[in-house]
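For reference, the structure discussed in these notes is given below.
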Amino acid sequence: MSVQSAIKRKTAPDLRARKNGEPIVMLTSYHAHTAALVDRHCDAILVGDSLGNVMHGFETTVPVTLDMMILQGRAVMRGSQAALVVVDMPFGSYEGSKEQAFQSAVRIMKETLCGAVKLEGGARMAETVAFLSERGIPVMGHIGLTPQSINTLGSFRAQGREEENWAPIENDARAIAEAGAFSIVVEAVAEPLARKITQSIAVPTIGIGASAACDGQVLVLEDMLGLSPRAPKFVRRYGNLGPMIEEAIAGYARDVKSRAFPGPEHVYGMKKS
């Protein structure tokens, strides 16, 4: 009998096979406890470098390190059981060369046991995507608005809102798909362009601020739960937990100050002799 157990999680080929099928459901997570909740409803969990914004208060994702991604990737893997876990490759961990990207991706996959990595960039990253894919590392691409490039983009603005600017974005999608990416995140791209890209490439697109015609959707969990003070236009809030959490904290603070907490039911008495 083989000592290897069957893979129970969804895999990159499973998501690849969903092209033109049932839409792929994906959310971010950075913690074991939220991963357990997301895992029950989502096909894939993205350990996004957005943790820099959500967990650490950075203005951009640029300061996020490989060690930070690995630490949170481990937590998400411990908290989930069925979803494909995809870990972002942070800025500076893959752009230098395809060999650098391979070493970074190997660290992520070995140290987290995740099922895939994600990297930003279109045609310029096609050679790297092919290099990784050929060496057993499933790669999710990311085109359109690429937050790691904020210092060259200048602002977080939607892409492709003028048709004369479509060609480079279409070329990015095609290059990454042909290089071997199993799926591609399409972020903040004009709806008609996102729809056209989805129809023209052979791998699933996962939209975020793109089009309902994409093969799936992803959002930052904290954005859709109402925990982020500001959320992009493309976010629908499915909860408003921020005020609820603050109300609970205020109640706790009142009870502590008034000595209403802890009550008799929360303390330990002496054992009866």
Side-chain angles (χ1 to χ4, degrees), residues 9-10 15 18 22-61 64 68-69 71-88 114-116 118 140 142 144-145 147 150 156-158 183 185-189 191 194 204-256 261:
R9 289 181 180 270
K10 289 184 173 67
L15 261 66
R18 295 276 284 274
E22 182 182 16
I24 296 163
V25 183
M26 189 174 192
L27 282 170
T28 66
S29 175
Y30 324 109
H31 321 90
H33 63 282
T34 57
L37 298 173
V38 172
D39 189 60
R40 297 171 197 163
H41 303 279
C42 291
D43 303 299
I45 300 174
L46 174 63
V47 186
D49 59 1
S50 51
L51 65 84
N53 312 107
V54 173
M55 294 181 64
H56 298 277
F58 296 142
E59 290 186 4
T60 73
T61 60
V64 175
M68 290 165 68
M69 296 307 307
L71 182 66
Q72 304 313 136
R74 286 172 173 168
V76 169
M77 285 295 294
R78 287 193 293 267
S80 61
Q81 295 182 344
L84 170 68
V85 174
V86 182
V87 177
D88 259 339
C114 71
K118 181 172 78 65
M140 178 178 284
H142 185 154
L145 174 61
I150 183 59
F156 295 108
R157 63 181 184 274
S183 62
V185 170
V186 181
E187 180 169 358
V189 166
E191 198 282 338
T205 57
I206 300 178
I208 176 167
S211 172
C214 290
D215 298 293
Q217 302 293 328
V218 62
L219 284 176
V220 172
L221 180 65
E222 285 76 4
D223 287 349
M224 58 87 76
L225 290 179
L227 289 170
S228 302
R230 298 187 307 274
K233 168 188 171 66
F234 54 72
V235 173
R236 176 182 292 178
R237 291 190 185 271
Y238 285 85
N240 195 24
L241 301 192
M244 294 174 62
I245 291 172
E246 185 170 4
E247 182 180 354
I249 293 169
Y252 167 72
R254 285 193 302 268
D255 285 355
V256 169
F261 176 82

* **Distance in Å, Leu84 CG paired with Met140 CE, rounded so as to fall on 0.5 Å steps** => 6.5 Å

* Asked: So, for Asp215 and Pro204, which heavy atoms are closest and what is the spacing to 0.1 Å?
  -> OD2-CA, 3.2 Å

* Structure fact -> Rounded to the nearest 0.5 Å, the OG1 atom of Thr205 sits from the CD atom of Gln217 at a distance of 8.0 Å

* Can you tell me how far CG of Leu46 sits from CG of Leu219, rounded to the nearest 0.5 angstrom? -> 11.0 Å

* Non-hydrogen side-chain atoms of Glu191 and Ser211 separated by less than 4.5 Å -> yes

* Heavy-atom closest pair, residues Arg9 and Gln81 -> CG-O, 3.0 Å

* **Over all atoms of both residues, closest heavy-atom pair of Leu51 and Gln72** => CD2-CG, 3.8 Å

* Asked: Are there more than 12 heavy atoms of other residues, nucleotides or ligands under 6.0 Å from atom OH of Tyr252?
  -> no

* Minimum-distance pair of heavy atoms, taken over all atoms of Ala35 and Val76 -> CB-O, 3.7 Å

* Do Met68 and Tyr30 have side-chain heavy atoms sitting under 4.5 Å apart? -> no

* Check: Leu221 main-chain N/O paired with Thr28 side-chain donor or acceptor under 3.5 Å -> yes

* Is the number of heavy atoms from other residues, nucleotides or ligands within 6.0 Å of CE (Met55) greater than 12? -> yes

* To do: Measure the shortest side-chain to side-chain distance between Cys114 and Val47 over non-hydrogen atoms and say whether it is less than 4.5 angstrom.
  => no

* Atom pair CG/CG of Asn240 and Leu225 - distance to nearest 0.5 Å -> 10.0 Å

* Asked: Can you name the closest pair of heavy atoms from Ile206 and Ser183 and give their distance?
  -> CD1-OG, 4.2 Å

* Structure fact -> For Ser228 and Asp223 the tightest heavy-atom approach is OG-OD1, 2.6 Å

* Asked: Can you pull the salt bridge (charged side-chain N to carboxylate O under 4.0 Å, His left out) pairs that have at least one residue in residues 23-46, sequence neighbours excluded?
  -> Lys10-Asp43, Arg18-Asp43

* Asked: In Å and rounded to the nearest 0.5 Å, what is the CG to OG distance from Asp88 to Ser50?
  -> 7.0 Å

* Structure fact -> d(Glu222 CD, Leu27 CG) to nearest 0.5 Å is 9.5 Å

* Asked: Is there a side-chain contact between Met26 and Leu15 (heavy atoms, below 4.5 Å)?
  -> no

* Note, Val64 side chain near Met69 side chain (heavy atom, < 4.5 Å) -> yes

* **Student check: side-chain heavy atoms of Leu145 and Val189 closer than 4.5 Å** => no

